[in-house]
Asks: 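The structure's right below; bear with me while I get my questions together.
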Amino acid sequence: MYAIDLEGKNALVFGVANQRSIGWHIAQALDGAGARVALSYLNERIRPGVERLAARLSTAPALIECDVSDDDSLERAFEETASTLGGLDVIVHSIAFANREDLGGAFIDTPREGFRLALDISAYSLVSVAKRAAPLMRNGGSIVTMTFQASSRVFPGYNVMGTAKAALENEVRQLAWDLGRDGIRINAVSAGPVDTLSSRVISGYRDMKRAHAERSPMGRNITHEEVANTALFLCSDMSSGITGEIVHVDTGYHVMGI
Ligand code: NAD
(Lines give C-alpha, C1' and ligand atoms only; values in the text may rest on other atoms or scores of the structure.)
Protein backbone atom coordinates (compact mmCIF):
# COMPACT_ATOMS: atom_id res chain seq x y z
CA MET A 1 0.00 0.00 0.00
CA TYR A 2 1.70 3.19 -1.15
CA ALA A 3 -0.95 5.81 -0.37
CA ILE A 4 0.00 8.55 2.08
CA ASP A 5 -1.66 7.79 5.41
CA LEU A 6 -1.17 10.20 8.32
CA GLU A 7 -3.73 8.55 10.58
CA GLY A 8 -2.67 9.04 14.22
CA LYS A 9 -0.29 11.91 13.38
CA ASN A 10 -0.59 15.42 14.83
CA ALA A 11 0.21 18.41 12.65
CA LEU A 12 0.52 22.09 13.52
CA VAL A 13 0.27 24.46 10.55
CA PHE A 14 1.55 28.04 10.89
CA GLY A 15 0.52 30.71 8.40
CA VAL A 16 -3.18 30.31 7.68
CA ALA A 17 -4.66 33.73 6.92
CA ASN A 18 -7.33 33.03 4.31
CA GLN A 19 -8.45 30.52 1.71
CA ARG A 20 -5.60 31.43 -0.62
CA SER A 21 -2.90 30.85 1.99
CA ILE A 22 -0.50 28.08 1.02
CA GLY A 23 -0.69 26.98 4.67
CA TRP A 24 -4.43 26.45 4.33
CA HIS A 25 -3.98 24.25 1.25
CA ILE A 26 -1.36 22.19 3.06
CA ALA A 27 -3.67 21.91 6.08
CA GLN A 28 -6.40 20.51 3.83
CA ALA A 29 -3.99 17.98 2.30
CA LEU A 30 -2.84 16.85 5.77
CA ASP A 31 -6.46 16.59 6.90
CA GLY A 32 -7.33 14.58 3.80
CA ALA A 33 -4.50 12.16 4.58
CA GLY A 34 -5.95 11.54 8.05
CA ALA A 35 -3.74 13.77 10.24
CA ARG A 36 -5.17 15.65 13.20
CA VAL A 37 -4.50 19.26 12.22
CA ALA A 38 -4.14 22.34 14.43
CA LEU A 39 -4.10 25.74 12.77
CA SER A 40 -1.99 28.62 13.99
CA TYR A 41 -2.93 32.17 13.06
CA LEU A 42 -1.33 35.55 13.69
CA ASN A 43 -3.88 37.50 15.73
CA GLU A 44 -7.50 38.09 16.74
CA ARG A 45 -8.19 40.06 13.56
CA ILE A 46 -7.54 36.97 11.44
CA ARG A 47 -9.28 34.49 13.73
CA PRO A 48 -12.89 34.73 12.42
CA GLY A 49 -11.77 33.86 8.87
CA VAL A 50 -9.63 31.00 10.16
CA GLU A 51 -12.60 29.72 12.19
CA ARG A 52 -14.68 29.59 9.01
CA LEU A 53 -11.94 27.66 7.19
CA ALA A 54 -11.44 25.33 10.14
CA ALA A 55 -15.08 24.27 9.91
CA ARG A 56 -14.27 22.70 6.53
CA LEU A 57 -11.79 20.22 8.00
CA SER A 58 -12.97 16.74 8.90
CA THR A 59 -12.28 17.13 12.63
CA ALA A 60 -12.56 20.45 14.46
CA PRO A 61 -8.96 21.68 14.71
CA ALA A 62 -7.38 23.46 17.66
CA LEU A 63 -6.87 27.12 16.73
CA ILE A 64 -3.68 28.49 18.20
CA GLU A 65 -2.79 32.16 18.15
CA CYS A 66 0.89 32.90 17.62
CA ASP A 67 2.86 35.97 16.64
CA VAL A 68 6.29 34.56 15.84
CA SER A 69 7.95 37.93 16.42
CA ASP A 70 7.05 37.67 20.12
CA ASP A 71 8.73 35.02 22.32
CA ASP A 72 5.91 35.10 24.90
CA SER A 73 3.38 34.42 22.17
CA LEU A 74 5.50 31.50 20.91
CA GLU A 75 5.76 30.07 24.44
CA ARG A 76 1.99 30.29 24.92
CA ALA A 77 1.34 28.70 21.53
CA PHE A 78 3.52 25.69 22.23
CA GLU A 79 2.13 25.29 25.76
CA GLU A 80 -1.34 25.23 24.21
CA THR A 81 -0.17 22.78 21.55
CA ALA A 82 1.27 20.45 24.19
CA SER A 83 -1.92 20.56 26.25
CA THR A 84 -4.34 20.11 23.33
CA LEU A 85 -2.41 17.78 21.01
CA GLY A 86 0.07 16.15 23.38
CA GLY A 87 2.82 15.32 20.93
CA LEU A 88 3.59 16.59 17.45
CA ASP A 89 4.60 14.76 14.26
CA VAL A 90 4.41 17.54 11.69
CA ILE A 91 5.09 21.27 11.62
CA VAL A 92 4.31 23.42 8.61
CA HIS A 93 5.97 26.84 8.69
CA SER A 94 4.30 28.96 6.02
CA ILE A 95 5.10 32.45 7.28
CA ALA A 96 6.69 35.52 5.78
CA PHE A 97 6.42 39.26 6.25
CA ALA A 98 8.15 42.42 5.06
CA ASN A 99 7.00 46.01 4.96
CA ARG A 100 5.19 46.70 1.70
CA GLU A 101 7.57 49.57 0.86
CA ASP A 102 10.51 47.16 1.05
CA LEU A 103 8.98 44.84 -1.58
CA GLY A 104 9.47 47.26 -4.46
CA GLY A 105 11.93 49.83 -5.70
CA ALA A 106 15.64 49.23 -5.23
CA PHE A 107 16.97 46.64 -2.79
CA ILE A 108 19.79 49.06 -1.94
CA ASP A 109 17.23 51.32 -0.26
CA THR A 110 16.16 48.70 2.30
CA PRO A 111 16.23 50.36 5.74
CA ARG A 112 17.75 48.64 8.76
CA GLU A 113 14.40 48.24 10.51
CA GLY A 114 12.71 46.79 7.41
CA PHE A 115 15.59 44.34 6.99
CA ARG A 116 15.43 43.32 10.65
CA LEU A 117 11.67 42.84 10.55
CA ALA A 118 11.68 40.75 7.37
CA LEU A 119 14.53 38.51 8.55
CA ASP A 120 13.02 38.11 12.02
CA ILE A 121 9.53 37.07 10.93
CA SER A 122 10.40 35.26 7.70
CA ALA A 123 13.63 33.48 8.68
CA TYR A 124 14.41 33.51 12.40
CA SER A 125 10.90 32.26 13.12
CA LEU A 126 11.81 28.86 11.66
CA VAL A 127 14.56 28.47 14.27
CA SER A 128 12.30 29.54 17.13
CA VAL A 129 9.47 27.28 15.98
CA ALA A 130 11.77 24.27 15.42
CA LYS A 131 13.36 24.70 18.85
CA ARG A 132 10.00 24.57 20.58
CA ALA A 133 8.52 21.86 18.34
CA ALA A 134 11.40 19.39 18.62
CA PRO A 135 10.75 18.35 22.27
CA LEU A 136 7.14 17.55 21.31
CA MET A 137 8.27 15.33 18.41
CA ARG A 138 9.04 12.36 20.65
CA ASN A 139 8.75 9.81 17.83
CA GLY A 140 10.60 11.92 15.29
CA GLY A 141 8.82 14.18 12.89
CA SER A 142 8.84 16.36 9.82
CA ILE A 143 9.10 20.13 9.51
CA VAL A 144 8.30 21.82 6.21
CA THR A 145 8.83 25.47 5.37
CA MET A 146 8.09 27.58 2.29
CA THR A 147 10.71 29.34 0.21
CA PHE A 148 11.17 30.99 -3.18
CA GLN A 149 13.95 30.93 -5.75
CA ALA A 150 14.79 34.58 -5.06
CA SER A 151 17.00 33.04 -2.34
CA SER A 152 19.68 32.57 -4.99
CA ARG A 153 18.64 34.61 -8.04
CA VAL A 154 17.47 38.16 -8.54
CA PHE A 155 13.76 38.83 -8.90
CA PRO A 156 13.47 42.64 -8.95
CA GLY A 157 10.97 43.76 -6.31
CA TYR A 158 11.34 40.66 -4.14
CA ASN A 159 14.26 42.50 -2.53
CA VAL A 160 14.74 41.87 1.19
CA MET A 161 12.48 38.82 1.06
CA GLY A 162 15.11 37.19 -1.18
CA THR A 163 17.65 37.77 1.59
CA ALA A 164 15.22 36.26 4.09
CA LYS A 165 14.69 33.20 1.89
CA ALA A 166 18.47 32.72 1.54
CA ALA A 167 18.70 32.72 5.34
CA LEU A 168 15.71 30.39 5.62
CA GLU A 169 17.21 27.83 3.22
CA ASN A 170 20.50 27.91 5.09
CA GLU A 171 18.57 27.29 8.32
CA VAL A 172 16.91 24.24 6.75
CA ARG A 173 20.35 22.69 6.23
CA GLN A 174 21.66 23.58 9.69
CA LEU A 175 18.48 22.43 11.44
CA ALA A 176 18.58 19.18 9.46
CA TRP A 177 21.93 18.49 11.13
CA ASP A 178 20.77 19.58 14.59
CA LEU A 179 17.62 17.46 14.52
CA GLY A 180 18.46 14.54 12.24
CA ARG A 181 19.66 12.14 14.96
CA ASP A 182 16.36 12.69 16.77
CA GLY A 183 14.53 11.44 13.70
CA ILE A 184 13.26 14.92 12.85
CA ARG A 185 13.53 15.92 9.20
CA ILE A 186 13.26 19.45 7.85
CA ASN A 187 12.79 20.48 4.26
CA ALA A 188 11.60 23.45 2.21
CA VAL A 189 9.25 23.66 -0.73
CA SER A 190 10.43 26.30 -3.19
CA ALA A 191 7.20 27.28 -4.87
CA GLY A 192 6.69 29.23 -8.05
CA PRO A 193 4.36 32.24 -7.84
CA VAL A 194 0.77 31.59 -6.71
CA ASP A 195 -1.83 34.23 -5.92
CA THR A 196 -2.02 34.91 -2.19
CA LEU A 197 -2.34 37.91 0.12
CA SER A 198 1.45 38.06 0.49
CA SER A 199 2.48 37.48 -3.11
CA ARG A 200 0.21 40.19 -4.50
CA VAL A 201 2.00 42.80 -2.39
CA ILE A 202 5.29 42.20 -4.23
CA SER A 203 5.88 44.70 -7.00
CA GLY A 204 7.00 42.62 -9.97
CA TYR A 205 4.80 39.69 -8.94
CA ARG A 206 2.87 39.77 -12.22
CA ASP A 207 6.15 39.69 -14.18
CA MET A 208 7.36 36.74 -12.12
CA LYS A 209 4.16 34.88 -12.84
CA ARG A 210 4.27 35.66 -16.54
CA ALA A 211 7.93 34.58 -16.80
CA HIS A 212 7.18 31.23 -15.16
CA ALA A 213 4.23 30.60 -17.48
CA GLU A 214 6.18 31.55 -20.60
CA ARG A 215 9.64 30.16 -19.88
CA SER A 216 9.33 27.16 -17.55
CA PRO A 217 9.72 23.71 -19.16
CA MET A 218 6.07 22.94 -18.42
CA GLY A 219 4.91 26.28 -19.84
CA ARG A 220 2.45 27.16 -17.08
CA ASN A 221 2.15 28.32 -13.50
CA ILE A 222 1.79 26.01 -10.54
CA THR A 223 -1.35 25.50 -8.47
CA HIS A 224 -1.87 25.69 -4.72
CA GLU A 225 -2.67 21.97 -4.80
CA GLU A 226 0.67 21.07 -6.39
CA VAL A 227 2.48 22.88 -3.58
CA ALA A 228 0.28 21.24 -0.95
CA ASN A 229 0.75 17.74 -2.37
CA THR A 230 4.54 18.09 -2.31
CA ALA A 231 4.41 19.40 1.26
CA LEU A 232 2.22 16.40 2.15
CA PHE A 233 4.82 14.05 0.68
CA LEU A 234 7.57 15.76 2.72
CA CYS A 235 5.43 15.52 5.88
CA SER A 236 4.90 11.80 5.37
CA ASP A 237 7.09 8.72 5.73
CA MET A 238 7.16 8.50 1.93
CA SER A 239 10.04 11.01 2.17
CA SER A 240 11.71 9.29 5.14
CA GLY A 241 15.22 9.57 3.63
CA ILE A 242 14.99 13.27 2.75
CA THR A 243 16.16 16.11 4.98
CA GLY A 244 17.89 19.47 4.49
CA GLU A 245 16.42 19.60 0.98
CA ILE A 246 14.90 22.40 -1.06
CA VAL A 247 12.26 20.89 -3.37
CA HIS A 248 11.21 23.09 -6.29
CA VAL A 249 7.54 23.12 -7.24
CA ASP A 250 7.79 25.64 -10.05
CA THR A 251 7.00 23.71 -13.26
CA GLY A 252 10.79 23.51 -13.68
CA TYR A 253 11.49 27.25 -13.99
CA HIS A 254 14.65 27.00 -11.84
CA VAL A 255 16.49 24.81 -14.36
CA MET A 256 16.28 27.42 -17.12
CA GLY A 257 19.17 29.66 -18.13
CA ILE A 258 17.10 32.12 -20.16
P1 NAD B 1 -0.18 34.34 3.10
O2 NAD B 1 -0.22 35.83 3.28
O3 NAD B 1 -1.46 33.65 2.96
O4 NAD B 1 0.63 33.67 4.28
C5 NAD B 1 1.60 34.35 5.05
C6 NAD B 1 1.29 34.05 6.49
O7 NAD B 1 2.28 34.61 7.35
C8 NAD B 1 -0.06 34.64 6.92
O9 NAD B 1 -0.85 33.62 7.48
C10 NAD B 1 0.32 35.66 7.98
O11 NAD B 1 -0.67 35.82 8.97
C12 NAD B 1 1.59 35.00 8.53
N13 NAD B 1 2.39 35.91 9.34
C14 NAD B 1 2.91 37.12 8.98
N15 NAD B 1 3.53 37.66 10.05
C16 NAD B 1 3.41 36.77 11.09
C17 NAD B 1 3.84 36.75 12.44
N18 NAD B 1 4.51 37.78 12.98
N19 NAD B 1 3.53 35.68 13.21
C20 NAD B 1 2.83 34.64 12.70
N21 NAD B 1 2.40 34.59 11.42
C22 NAD B 1 2.68 35.66 10.62
O23 NAD B 1 0.76 34.13 1.83
P24 NAD B 1 1.43 32.78 1.26
O25 NAD B 1 1.83 33.14 -0.12
O26 NAD B 1 0.56 31.62 1.53
O27 NAD B 1 2.78 32.68 2.11
C28 NAD B 1 3.13 31.52 2.82
C29 NAD B 1 4.61 31.21 2.61
O30 NAD B 1 4.80 30.81 1.26
C31 NAD B 1 5.54 32.39 2.82
O32 NAD B 1 6.73 31.95 3.44
C33 NAD B 1 5.84 32.84 1.41
O34 NAD B 1 7.06 33.55 1.29
C35 NAD B 1 5.92 31.48 0.75
N36 NAD B 1 5.87 31.49 -0.72
C37 NAD B 1 4.81 32.03 -1.37
C38 NAD B 1 4.80 32.04 -2.76
C39 NAD B 1 3.65 32.67 -3.50
O40 NAD B 1 3.79 32.95 -4.70
N41 NAD B 1 2.51 32.90 -2.87
C42 NAD B 1 5.84 31.47 -3.48
C43 NAD B 1 6.91 30.91 -2.78
C44 NAD B 1 6.92 30.91 -1.40
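Counting starts at 1 for both ligands and their atoms, in listed order. Note that this is a predicted model, so its numbers are computed, not measured.
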Asks: Should you measure from each heavy atom of Thr196, which atoms of ligand 1 turn up under 4.0 Å away?
Replies: 23 (O), 24 (P), 25 (O), 26 (O), 41 (N)
Asks: Just go through Ile22, Ile202, Ile95 and tell me whose heavy atom is the nearest to atom 21 (N) of ligand 1.
Replies: Ile95
Asks: For a 4.5 angstrom cut-off between non-hydrogen side-chain atoms, does Val144 reach His93?
Replies: no
Asks: Check Asp195 with Lys209, please: is the shortest side-chain N to carboxylate O separation under 4.0 Å?
Replies: yes
Asks: Can you confirm, on distance only, whether ligand 1 has an N/O atom lying under 3.5 Å from any N/O atom belonging to Val194?
Replies: yes
Asks: Below 4.0 angstrom from a heavy atom of Ile46, which ligand 1 atoms are there? Numbered from 1 as shown, please.
Replies: 11 (O)
Asks: Against ligand 1, does Met208 come closer than 4.0 Å with any heavy atom?
Replies: no
Asks: Considering the heavy atoms of Cys66, write down every atom of ligand 1 situated less than 4.0 Å from one of them.
Replies: 19 (N), 20 (C)
Asks: Which word best sums up how the rings of His254 and His248 line up, parallel for under 30°, tilted for 30 to 60°, or perpendicular for over 60°?
Replies: parallel
Asks: Could you check whether Arg76 pairs with Glu79 (Lys NZ or Arg NE/NH1/NH2 to Asp/Glu carboxylate O, under 4.0 Å)?
Replies: no
Asks: Check each atom of ligand 1 against the heavy atoms of Ser198 and keep those under 4.0 Å away; list them by number with element.
Replies: 1 (P), 2 (O), 4 (O), 5 (C), 23 (O)
Asks: What atoms in ligand 1 come closer than 4.0 Å to a heavy atom of Pro193?
Replies: 40 (O)
Asks: Identify, by atom number and element, the atoms of ligand 1 in contact range of Gly192, meaning under 4.0 Å from any of its heavy atoms.
Replies: 40 (O), 42 (C)
Asks: Tell me the nearest of Ser73, Ser190, Ala96 to atom 14 (C) of ligand 1, using heavy-atom distances.
Replies: Ala96
Asks: Which of the numbered atoms in ligand 1 are below 4.0 angstrom from a heavy atom of Ser199?
Replies: 39 (C), 40 (O), 41 (N)
Asks: Which one of Leu42, Asn221, Asn18, Asp70 has a non-hydrogen atom at the shortest distance from atom 16 (C) of ligand 1?
Replies: Leu42
Asks: Run the numbers for me: atoms of ligand 1, each under 4.0 Å from some heavy atom of Leu197, listed by number.
Replies: 2 (O)
Asks: Could you establish whether Ser122 and ligand 1 come within less than 4.0 Å of each other, counting only heavy atoms on the residue side?
Replies: no
Asks: Going by the closest heavy atom to atom 32 (O) of ligand 1, which one wins out of Lys209, His25, Met161, Lys165?
Replies: Lys165
Asks: Taking side-chain contact (heavy atoms from CB on, under 4.5 Å) as the criterion, tell me which of Leu57, Leu232, Asp89 meets it with Leu30.
Replies: Leu232
